[in-house]
S.K.: 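I have a structure here, written as structure tokens, and I will follow up with some questions on it.
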Amino acid sequence: MIDLHVHTTASDGQYTPAQIIQKAAEKNIKVIAITDHDTTAGLSEAREAGKQLGVTVVGGIEINITFPTGEFHLLGLGLKEPSKSLNIIVENVIKNRFDRNKQIIEKMNEDGVPLTLEELETDFPGTVIGRPHFAAELVKHGVVKTRQQAFDQYLARGRKWYVPRICTNLDEAIVAIRESGGVPIVAHPMSLYLSWGRLPDFLTDCYEKGVVGIEAFHPGARVTECLRLEELGRKIGFIITAGSDFHGEKTRSDRRLGHTCGNKKIDDKYYFEELLKVLD
């Protein structure tokens, strides 16, 4: 069993990098990719824990890409050392997130919710603050009962406290991942919210720009959709990967480490037969 899409407290996950590796070892997961949002801050800790516990840690990142509809997330898998170009992307994301978070707080304060950036940073030290953390604070302040309710009522696209984020250009992200020793993979393609009629042309364009794979198997999609994505990906020439997109039970209780769509265990082949053949 393996897992090629996992988050830690370095972004919006529940567990520290070391704790995630410990959980992987307990579940006999042989290979795990740490793919925090727009940061590689957790990789050193994860790699050290991996050495101690006999778990192969794949260096990774998940980058938000500029896209007009849905969400376009690009995984970088197999990172060796963050390149200058990747560090610049991360620095820009941090700045843009800080500005965005200030705007969200201003909206909340105007409506009588007394939240501050200082409180967020105290409650979530050393993390890249994003909407999941705001959702947790809204539960803490008694504004909503659950994090999902916070998104549904206030933080989701089109809701009262939503502020659009400034994302990364696809071409720049591809170069940055390559220069860091990794390969770019389209994460959970169903989140693009493209029709099956438009999806082939879009993914073909990504392939021609240098993206090498798609995460066809993801718990956010139906098994039939994942199988269809695999068939489409192979026609285009992509490698196929699979992940849990695990953040922690408190964030998404329906997602399990080492499992993907249909609650199926993630087969070793997605690392040993797919990802390894495109890594240097």
S.K.: Parallel, tilted or perpendicular: which fits the ring planes of Phe72 and Phe67, with parallel below 30° and perpendicular above 60°?
M.R.: perpendicular
S.K.: So do Ile32 and Leu257 actually touch side chain to side chain, heavy atoms under 4.5 Å?
M.R.: yes
S.K.: Would Leu227 and Val186 show up in the same hydrophobic cluster when neighbours are defined by side-chain heavy atoms closer than 4.5 Å?
M.R.: yes
S.K.: Check whether any side-chain heavy atom of Leu138 lies under 4.5 Å from a side-chain heavy atom of Met108, and answer yes or no.
M.R.: yes
S.K.: How about CD1 on Ile166, more than 12 heavy atoms from neighbouring residues, nucleotides or ligands closer than 6.0 Å, or not?
M.R.: no
S.K.: Would you give the length of the straight line joining atom CH2 of Trp196 to atom CG of Leu199, rounded to the nearest 0.5 angstrom?
M.R.: 6.0 Å
S.K.: Treating Ile, Leu, Val, Met, Phe, Trp and Tyr as nodes and any side-chain heavy-atom pair under 4.5 angstrom as an edge, say whether Phe246 and Ile29 lie in one connected cluster.
M.R.: yes
S.K.: Would you say the side chains of Glu215 and His5 form a donor-acceptor pair under 3.5 Å?
M.R.: yes
S.K.: Measuring from atom CH2 of Trp161 to atom CD1 of Ile104, what distance do you get when rounded to the nearest 0.5 angstrom?
M.R.: 10.5 Å
S.K.: Would you say the side-chain atoms of His141 and Glu119 include a donor-acceptor pair closer than 3.5 Å?
M.R.: yes
S.K.: Going by salt bridge (Lys or Arg N to Asp or Glu O under 4.0 Å), name the residues that satisfy it together with Asp254, two or more places apart in sequence or in a different chain.
M.R.: Arg252
S.K.: Just how far is it from atom CD of Glu274 to atom CG of Asp268, taken to the nearest 0.5 Å?
M.R.: 12.5 Å
S.K.: Only pairs at least two apart or in different chains count here, so list each salt bridge (Lys or Arg N to Asp or Glu O under 4.0 Å) that has a residue in residues 179-203.
M.R.: none
S.K.: Verify side chain to side chain donor-acceptor pair (under 3.5 Å) between Asn169 and Thr66, making sure each step is shown before the conclusion.
M.R.: CA-CA 6 Å; Asn169 174 274; Thr66 302; over 6 Å; no
S.K.: Output yes when a side-chain donor or acceptor of His218 lies under 3.5 Å from a complementary backbone atom of Gly220, and no otherwise.
M.R.: yes
S.K.: Is any side-chain heavy atom of Ile105 closer than 4.5 Å to a side-chain heavy atom of Thr116?
M.R.: no
S.K.: Can you tell me if Glu249 has over 12 outside heavy atoms packed within less than 6.0 Å of its CD?
M.R.: yes
S.K.: What distance separates Thr35 OG1 from Leu43 CG, expressed to the nearest 0.5 Å?
M.R.: 9.5 Å
S.K.: Is there a side-chain contact between Ile240 and Arg234 in this structure, where contact means two heavy atoms from C-beta onward sitting under 4.5 Å apart?
M.R.: yes
S.K.: Between the main-chain N or O of Lys250 and the side-chain N or O of Gln14, is there a donor-acceptor pair closer than 3.5 Å?
M.R.: yes
S.K.: Work out which heavy atom in Pro82 is nearest to a heavy atom in Asn87; give both atom names and the distance.
M.R.: CB-OD1, 3.5 Å
S.K.: Could you tell me which residues satisfy side-chain contact (heavy atoms from CB on, under 4.5 Å) with Val278, sequence neighbours excluded, listed by chain and number?
M.R.: Val183, Val212, Ile239, Leu275
S.K.: Spell out, as yes or no, whether a donor-acceptor pair under 3.5 Å connects the side chain of Glu71 to the backbone of Ser191.
M.R.: no
S.K.: Quiz question: by atom type and distance under 3.5 Å, do the side chains of Gln148 and Asp152 form a donor-acceptor pair?
M.R.: yes
S.K.: List for me each residue that meets side-chain contact (heavy atoms from CB on, under 4.5 Å) alongside Gln19, sequence neighbours excluded, and say none if there are none.
M.R.: Tyr15, Thr16
S.K.: Are the side chain of Thr168 and the backbone N or O of Ala173 linked by a donor-acceptor pair below 3.5 Å?
M.R.: no
S.K.: Classify the ring geometry between His37 and His7 as parallel (under 30°), tilted (30 to 60°) or perpendicular (over 60°).
M.R.: parallel
S.K.: Between Arg97 and Asp38, is there a salt bridge with N-O shorter than 4.0 Å?
M.R.: yes
S.K.: If you take all heavy atoms of Cys261 and Ala221, which pair is closest and at what distance?
M.R.: CB-O, 3.6 Å
S.K.: Is it the case that the ring center of Phe217 lies less than 6.0 angstrom away from the ring center of Tyr270?
M.R.: yes
S.K.: Between Tyr154 and Val144, is there a side-chain heavy-atom distance shorter than 4.5 Å?
M.R.: yes
S.K.: Could you pull out all residues at least two apart from Glu121 that satisfy salt bridge (Lys or Arg N to Asp or Glu O under 4.0 Å)?
M.R.: none
S.K.: Under 4.5 Å between side-chain heavy atoms, counting indirect links through other Ile/Leu/Val/Met/Phe/Trp/Tyr residues: same cluster for Phe238 and Leu170 or not?
M.R.: yes
S.K.: Hey, does the side chain of Ser180 reach the backbone of Leu79 with a donor-acceptor pair shorter than 3.5 angstrom?
M.R.: no
S.K.: Just do the side-chain contact (heavy atoms from CB on, under 4.5 Å) check on Ile129 and Phe134 with the steps written out, would you?
M.R.: CA-CA 8 Å; Ile129 301 295; Phe134 280 100; 4.3 Å; yes
S.K.: Report the C-alpha separation of Leu120 and Leu115 in whole Å, then their side-chain angles, then the decisive distance to 0.1 Å, and conclude whether the side-chain contact (heavy atoms from CB on, under 4.5 Å) test is met.
M.R.: CA-CA 8 Å; Leu120 271 168; Leu115 183 63; 4.2 Å; yes
S.K.: Taking 4.0 angstrom as the limit, do Glu230 and Lys269 come out as a salt bridge?
M.R.: no
S.K.: Is there a donor-acceptor pair closer than 3.5 Å between any side-chain N or O of Asp3 and the backbone N or O of Ser244?
M.R.: yes
S.K.: Should Tyr271 and Leu53 be counted in the same cluster of Ile, Leu, Val, Met, Phe, Trp and Tyr side chains packed under 4.5 Å apart?
M.R.: no
S.K.: Among pairs that include at least one residue of residues 235-248, which meet salt bridge (Lys or Arg N to Asp or Glu O under 4.0 Å), considering only residues two or more places apart or in two chains?
M.R.: Glu231-Lys235, Asp245-Arg255
S.K.: Quick check: are there more than 12 heavy atoms from other residues, nucleotides or ligands sitting under 6.0 Å from NZ of Lys140?
M.R.: yes
S.K.: With rounding to the nearest 0.5 angstrom, report the CG to CD1 distance, Asn28 to Ile2.
M.R.: 13.0 Å
S.K.: Cluster question for you: counting only ILVMFWY and a side-chain heavy-atom cut-off of under 4.5 Å, with indirect links fine, are Val175 and Leu86 together?
M.R.: no
S.K.: Are His73 and Asn64 linked by a side-chain donor-acceptor pair shorter than 3.5 Å?
M.R.: yes
S.K.: Under a 3.5 Å threshold, yes or no: a donor from one side chain and an acceptor from the other, between Asn96 and Arg165?
M.R.: no
S.K.: Salt-bridged, Lys160 to Asp111, with N to O below 4.0 Å?
M.R.: yes
S.K.: Considering only heavy atoms from C-beta outward, does the side chain of Thr8 approach that of Ile34 to under 4.5 Å?
M.R.: yes
S.K.: Does Ile214 reach the side chain of Ile236, with side-chain heavy atoms less than 4.5 Å apart?
M.R.: no
S.K.: State the CG-CD1 distance between Leu75 and Ile63, to the nearest 0.5 angstrom.
M.R.: 9.0 Å
S.K.: When you measure from the side chain of Gln149 to the backbone N and O of Lys145, does any donor-acceptor pair fall under 3.5 Å?
M.R.: yes
S.K.: For Ile174 versus Pro184, what's the shortest heavy-atom pair and its separation?
M.R.: CG2-CG, 4.1 Å
S.K.: Might you point out which heavy atoms bring Gly60 and Thr40 nearest each other, and give the distance in Å?
M.R.: O-CG2, 4.2 Å
S.K.: Test your reading of the model: is there a side-chain donor-acceptor pair from Asp36 to the backbone of Glu62, 3.5 Å cut-off?
M.R.: no
S.K.: If you define the side chain from C-beta out and look only at heavy atoms, does anything of Val90 sit under 4.5 Å from Ile88?
M.R.: no
S.K.: Does Leu155 offer a backbone N or O that forms a donor-acceptor pair with the side chain of Arg131 under 3.5 Å?
M.R.: yes
S.K.: Less than 4.0 angstrom from a charged side-chain N to a carboxylate O is my criterion; do Lys84 and Glu91 meet it?
M.R.: no
S.K.: Taking only Lys NZ, Arg NE, NH1 and NH2, and the carboxylate oxygens of Asp or Glu, determine whether Lys209 and Glu172 approach each other closer than 4.0 Å.
M.R.: no
S.K.: Are there over 12 heavy-atom neighbours, none belonging to Phe272, within less than 6.0 Å of that residue's CZ?
M.R.: yes
